[in-house]
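All remarks here apply to the structure that follows.
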Amino acid sequence: MSDNILEELFIKRSQQKKKTSPLNYKERWFVLTQEKISYYDYDLDKGKRKGLRGSVDVEKIKCVETVQTEPNTPQERQYPFQIIYDEGPLYIFAKSEDVRALWIKTLKELVRFNKDLMQKYHPCFWHDGMWLCCQQEVKLAMGCKVLDTKNGFKSTQSSRRASRKPLPPTPVEFQEKQGRPLPPQPPEPPAPSASMTVIAEYSYTAMTDMDLELRKDEEYTILEKSDPNWWKARDKYGKEGYIPSNYVVEAASGLERFNWYSKNMNRSQAEQLLKSENKDGGFLVRDSSKAGKYTVSLLTKVGGETGGSCRHYNICTTAQGQFYLAEKHHFNTIPELINYHQHNAAGMVSRLKYIVSNRAQPPSTAGLGYGVWEIDPRYLTFIRELGTGQFGVVKYGKWQGQHDVAIKMIKEGSMSEDDFIEEAKIMMKLRHENLVQLYGVCTKQRPIYIVTEFLVNGCLLGYLKEGLTQHPTPIQLLEMCKDVSEGMAYLESQQYIHRDLAARNCLVDGNGTVKVTDFGLSRYVLDDEYTSSAGSKFPVRWSPPEVLLYCKFSSKSDIWAYGVLMWEVYTLGRLPYERLNNTEIVDQVSRGLRLYRPQLANEKVYSIMSSCWHEKADERPTFQELALNVQDLLYELQ
Ligand code: ATP
């Protein structure tokens, strides 16, 4: 009995494992141990538990959450919770809110290191062959609501140390399961009392008097976060000023100061980076897809392979909180462990020979200094012409002689300038690694300039047609779609509508990362041929019926365009509906015509792009959902 963590009499709903199984509610005696949650018959008269009716292994649990009650639920079933495991949900009804909260908290503690913890769940019941929350009819359908954190736990050093039981002495190598990080979230809301310590991942030279210089690997105290892109900070000498928030990381695990640690990097990004360095024994340490865990990713060229292959090793923890990769060698800290394996392979395919870091290139800042959005054109140097668009010529140049920038020189009469200048202040605050960063504007002279981040591989459409190798891999194509979906999920979270999403409005950087550009700009075009849906320059081929018929733009019309963009990616840049003219497209798309499945797209990819072309806008997915679906597919490919 002493092994029992909790015991309680609950009502349990029958699990309806078959469609014909009856739905009933029975009282069962539940017992929770480290290993299992078991339920027994209960003799009410004698107050004793009887025969075992069933159990669920704790390590198979993927999610523990409350369930929303239905209207007219009887009093005794007011406090339901669900335990999701591989056979579906187990619904249990507690007698009070307190008891329910205690069980959920305890279970979450127990399962937090489980493999395959869910990131989305169904907040309502599975009932009569349907999820009541999202009306999906497949019991194993992915959840429709995102959990705030991975089952309520953040990855911190302390939670990792509180591991519930020693991990089994596993062989060092492991295959990571399908857990995926969610697409990047919008910047955190202001935290007035923030006094957190951060470490600079990059050096930053102050661009204005208000800025504070950052020195790589040094600690800073954050004093104010009211602007999500520029935080007020203090250095160790007491100097205060603004720093780009994406140049620092919270000193949470203490690993941030090590070059080999790549926080927020997933498996596929790690492989891409290791392969681009292409060094035998090249390695990095990253957050595992399992919350609170770390993984060593290592490139090996055993057998003289030229390309090399990647291995991923989970850093395991003993009951005493020590770390190990090889069973026999335990260390008090991860840096000690890494140091040991830099000299000894000890069971791995090779020792850790070269640190591969993703910190070579500092990311873009939201503007060229805190509060700067008007740029002095005297600091710009023009180097070469990149192309011409709706607003005129775009040039590559330098700001202050050293920072790469793209400069759009706005042809007079092509843009409603005053409105745009107002909007630019908002656009500058949009910052995401898959959006082309607006740095600022030069508005004191004519033509006005829009200054943005420069992407060396230019427009995605051109890249698809000419820049890619002849046979791009399925992972390459899907990664491009993933990049766009994540940039767009961020715009969606900011309630910002693009209105002209297409491959021609995405750019590609030197690593092949795709970024969305020109968001919202179409509203400032002064050209009826472009703005009127009947105009020859209107993006008819990327528009859903409600835009073509009623000019109704929304995030859902962006979703439609995203489906067409996926199609462009999988046809390597063909023109959508190439045999039809605009009038025919309006007519036929409104009557149900859709783009065909490109040869390079398998059924799963095509089903994602087709889901964007639902006639009813509200039945199309959100970008957040799309990003998760695309990422799921990527995991399947890897
Ligand atoms: P439209 O304005 O009609 O949508 P567009 O998107 O091609 O067409 P611009 O955004 O003005 O027009 O860009 C013109 C060309 O300049 C692009 O095709 C691209 O090759 C290049 N370009 C634009 N911005 C950048 C940038 N930030 N980095 C690198 N190249 C760029």
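Along the sequence shown, the residues carry numbers beginning at 1.
Taking CD1 from Ile355 and CD from Glu277, the interatomic distance works out to 11.5 Å, rounded to the nearest 0.5 Å. Annotation: the span from Ser357 atom OG to Phe283 atom CZ amounts to 10.5 Å, rounded to 0.5 Å. Rounded to the nearest 0.5 Å, atoms CG (Leu491) and CD (Glu486) are 12.5 Å apart.
A salt bridge links Glu636 to Lys604: one of the charged nitrogens lies within less than 4.0 Å of a carboxylate oxygen. A salt bridge does not link Lys62 with Asp86: none of the charged nitrogens is closer than 4.0 Å to a carboxylate oxygen. Salt-bridge check for Asp41 with Arg28: passed, with a basic side-chain N closer than 4.0 Å to an acidic carboxylate O. For the pair Lys515 and Glu433, the salt-bridge criterion is not met [side-chain N within less than 4.0 Å of a carboxylate O]. Using a 4.0 Å cut-off between a side-chain N of Lys or Arg and a carboxylate O of Asp or Glu, Glu218 and Lys236 qualify as a salt bridge. Contact check on Lys239 versus Glu213 returns no salt bridge, with no Lys/Arg side-chain nitrogen under 4.0 Å from an Asp/Glu carboxylate oxygen.
Within 6.0 Å of OH in Tyr354 there are 12 or fewer heavy atoms belonging to other residues, nucleotides or ligands.
A donor-acceptor contact closer than 3.5 angstrom is absent between the side chains of Arg351 and Asn344. A side-chain donor from one of Glu336 and Thr333 sits under 3.5 Å from a side-chain acceptor of the other. Defined by atom type and a distance below 3.5 Å, a donor-acceptor pair is missing between the side-chain atoms of Asn511 and Gln272. Defined by atom type and a distance below 3.5 Å, a donor-acceptor pair is missing between the side-chain atoms of Asn629 and Lys482. Ser245 and Arg431 form a side-chain donor-acceptor contact under 3.5 Å, judged by distance and modelled atom types alone. Between the side chains of Ser364 and Glu453, a donor-acceptor pair is found at a separation under 3.5 Å.
Only one option out of Phe125, Trp126, Phe81 pairs with Tyr91 in a ring pair (Phe, Tyr, Trp, His ring centres under 6.0 Å); it is Phe125.
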*Test ring pair (Phe, Tyr, Trp, His ring centres under 6.0 Å) on Phe10 and Trp29 and set out the steps.*
CA-CA 6 Å; Phe10 287 132; Trp29 186 258; 8.9 Å; no
*Begin with the C-alpha distance, continue with both residues' side-chain angles, and end with the deciding distance and a verdict on side-chain hydrogen bond (donor to acceptor under 3.5 Å, both in side chains) for Glu271 and His312.*
CA-CA 9 Å; Glu271 293 198 350; His312 302 273; 2.7 Å; yes
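Between Tyr370 and Asp227 the shortest side-chain heavy-atom distance falls below 4.5 Å. Looking at Lys225 and Met196, their side chains come closer than 4.5 Å, going by heavy atoms from C-beta outward.
Closest heavy-atom contact between Leu6 and Thr106: CD1-OG1, 3.6 Å. Between Asp280 and Thr300 the shortest heavy-atom distance is OD1-CA, 3.4 Å. Considering all non-hydrogen atoms of both residues, Val58 and Ile37 come closest at CG2-N, 4.3 Å. Closest approach of Gly510 and Asn457 over heavy atoms only: CA-ND2, 3.8 Å.
The ring of His330 has its center no closer than 6.0 angstrom to the ring center of Phe323. Close placement of the Tyr39 and Phe30 rings is indicated, their centers lying within 6.0 Å of each other. Ring-centre distance between Phe331 and Tyr324: not below the 6.0 Å cut-off.
The aromatic rings of Tyr261 and Tyr294 stand perpendicular to each other, their planes meeting at an angle above 60°, with 30° marking the opposite boundary.
When the ring-ring contact (aromatic ring centres under 6.0 Å, His included) test is applied to Tyr220, no partner is found at least two apart in sequence or on another chain.
Annotation: cation-pi pair Lys60/Tyr85 absent, no NZ/CZ under 6.0 Å from the ring centroid and within 45° of its normal. The side-chain tip of Arg100 does not point at the ring of Tyr79 from less than 6.0 angstrom away and within 45° of straight on.
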